[in-house]
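See structure below.
Whatever order the structure lists them in is the order used to number ligands and atoms, beginning at 1. Along the sequence shown, the residues carry numbers beginning at 1.
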Amino acid sequence: MVAQYEAIKEEIEQAFHEVTASAEYILGDRVTRFETEFANFVEAAHGVGVGSGLDALRLALLALGVGPGDEVVVPANTYIATALAVSEVGADVVLVDCDPRTYNLDPDGIEPVLTERTKAILPVHFAGQAAHMRPILELAERHGLYVVEDAAQAHGARYEGRACGSLGDVGCFSFYPGKNLGAYGDAGLVTTRDATVAEQVRRMRNYGERRKYEHVVKGWNSRLDGLQAAFLSVKLRHLPAWNAARARHAETYATALDGTGDLVLQERPPYATHVFHLFIVETEHRDALRDHLASAGIQTGIHYPTPIHLQEAYADLELGAGSFPVSERLATRMLSLPMFPELTAGQLETIVHAIRGFFADRSSIAS
Ligand SMILES: *Cc1c(COP(=O)(O)O)cnc(C)c1O
């Protein structure tokens with residue numbers, strides 16, 4: 001992230017000076033401009049900037065009228081924010097296991113859990129690869145359900161050529177600094193083709209205000225600020241090149257690691273254009289590999305070590321170990337390798353070499 005800042009420092013400083021000169025710190029022209037730019041980027045009619053990715057999800061659900069008594073289908077394998085948004089609007093989280101190859105919500109698992117109370121399906125484009133949206137959208141259509149996309153890891157990702165965030169009723173993005181498009185603080189955005197939903201989110205993010213001091217709903221304070229919007233406009237211009245760099249790094253990893261030890265790579269179905277927020281490998285020896293890489297100075301991540309239903313916060317679901325075997329197994333096997341646009345050929349080589357060395361040592365011990 002430091003290397004990235006150095007590369008765009010002048011543009012960022014100019015944006016900073018423009019906003020401070022205009023004193024439009026909360027909402028304002030720079031926010032409106034970024035909302036339009038980002039909505040265009042993901043081919044959505046409307047974009048509404050909010051305070052975070054969690055708030056994008058929460059305000060989207062509120063705008064669709066999801067609340068107490070309703071159920072929302074959420075993948076068991078996701079960051080906890082996806083589930084928290086549902087809980088925060090007072091609705092019930094209904095978890096579904098994921099596909100063992102793509103790590104995304106398994107469309108076949110949805111129908112069996114639908115009830116009279118189901119109001120929406122909330123697929124996550126996990127790691128930057130689109131969920132299998134066609135069967136999900138068909139199911140939603142057939143049962144009269146909303147589809148809210150958690151696109152927090154999928155800026156620029158595509159499904160059958162269409163941009164993630166424009167496939168469902170609403171798309172929710174996070175600009176947490178570590179995402180493919182990251183602010184210099186917290187920020188998020190809601191995309192939708194529906195002008196009414198966009199207007200609802202716009203009111204809800206700003207104290208329920210329709211016009212100054214005219215409050216039509218009991219809203220929140222979750223606004224995108226002018227500085228973050230200006231920074232995001234600068235960074236959005238670089239995003240296609242950054243995503244392309246990530247894809248090149250992913251090719252390097254995939255080619256170099258193919259057939260190494262027991263490594264399994266995330267399957268990439270032809271319908272999805274992956275933006276590699278994460279590059280995930282699976283191995284039986286995850287923790288040992290992670291330690292080995294750490295001792296070589298290579299930082300890796302685990303996304304995520306504990307599925308939603310096994311988190312203390314969701315003890316009320318009363319779903320113990322064994323409830324979602326695929327997600328639980330992945331939680332013990334998945335490792336996220338270093339992945340950011342500025343990775344150099346030398347760094348990639350070092351990482352690949354260290355991984356190959358790890359498995360070579362193991363097989364010589366075993367034999
Ligand atoms: C990051 C993330 C969020 C939450 O975004 P914040 O901006 O941190 O609130 C939600 N869902 C997923 C899948 C994420 O990765």
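- Checked against the 6.0 Å centroid criterion, the rings of His155 and Phe175 qualify as a close aromatic pair.
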Contact table, ligand 1 N/O with protein N/O, distance under 3.5 Å:
from     : atom 1 : to     : atom 2 : distance (Å)
ligand 1 : 5 (O)  : Ser174 : OG     : 3.2
ligand 1 : 7 (O)  : Gly53  : N      : 2.8
ligand 1 : 7 (O)  : Ser174 : OG     : 2.6
ligand 1 : 9 (O)  : Gly53  : N      : 3.3
ligand 1 : 9 (O)  : Leu54  : N      : 2.9
ligand 1 : 11 (N) : Asp150 : OD1    : 3.3
ligand 1 : 11 (N) : Asp150 : OD2    : 2.8
ligand 1 : 15 (O) : Gln153 : NE2    : 2.9
ligand 1 : 15 (O) : Lys179 : NZ     : 2.6

Quick one, Arg158 with Glu43, criterion salt bridge (charged side-chain N to carboxylate O under 4.0 Å, His left out). Give me CA distance, side-chain angles, the key distance, then yes/no.
CA-CA 11 Å; Arg158 288 179 178 271; Glu43 299 157 9; 2.8 Å; yes
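- Each of Gln228, Gln14, Arg30 was evaluated against Val19; a single residue qualifies, Arg30, per the side chain to side chain contact (heavy atoms under 4.5 Å, CB included) test.
- At distances below 3.5 Å, not a single donor-acceptor pair connects side-chain atoms of Ser327 with backbone N or O atoms of Phe324.
- Note that Arg203 lies outside the cation-pi zone of Trp220, set by a 6.0 Å cut-off to the ring centre and a 45° limit from the axis.
- For Val275 against Ala154, the heavy-atom pair with the smallest separation is CG2-CA, 4.0 Å.
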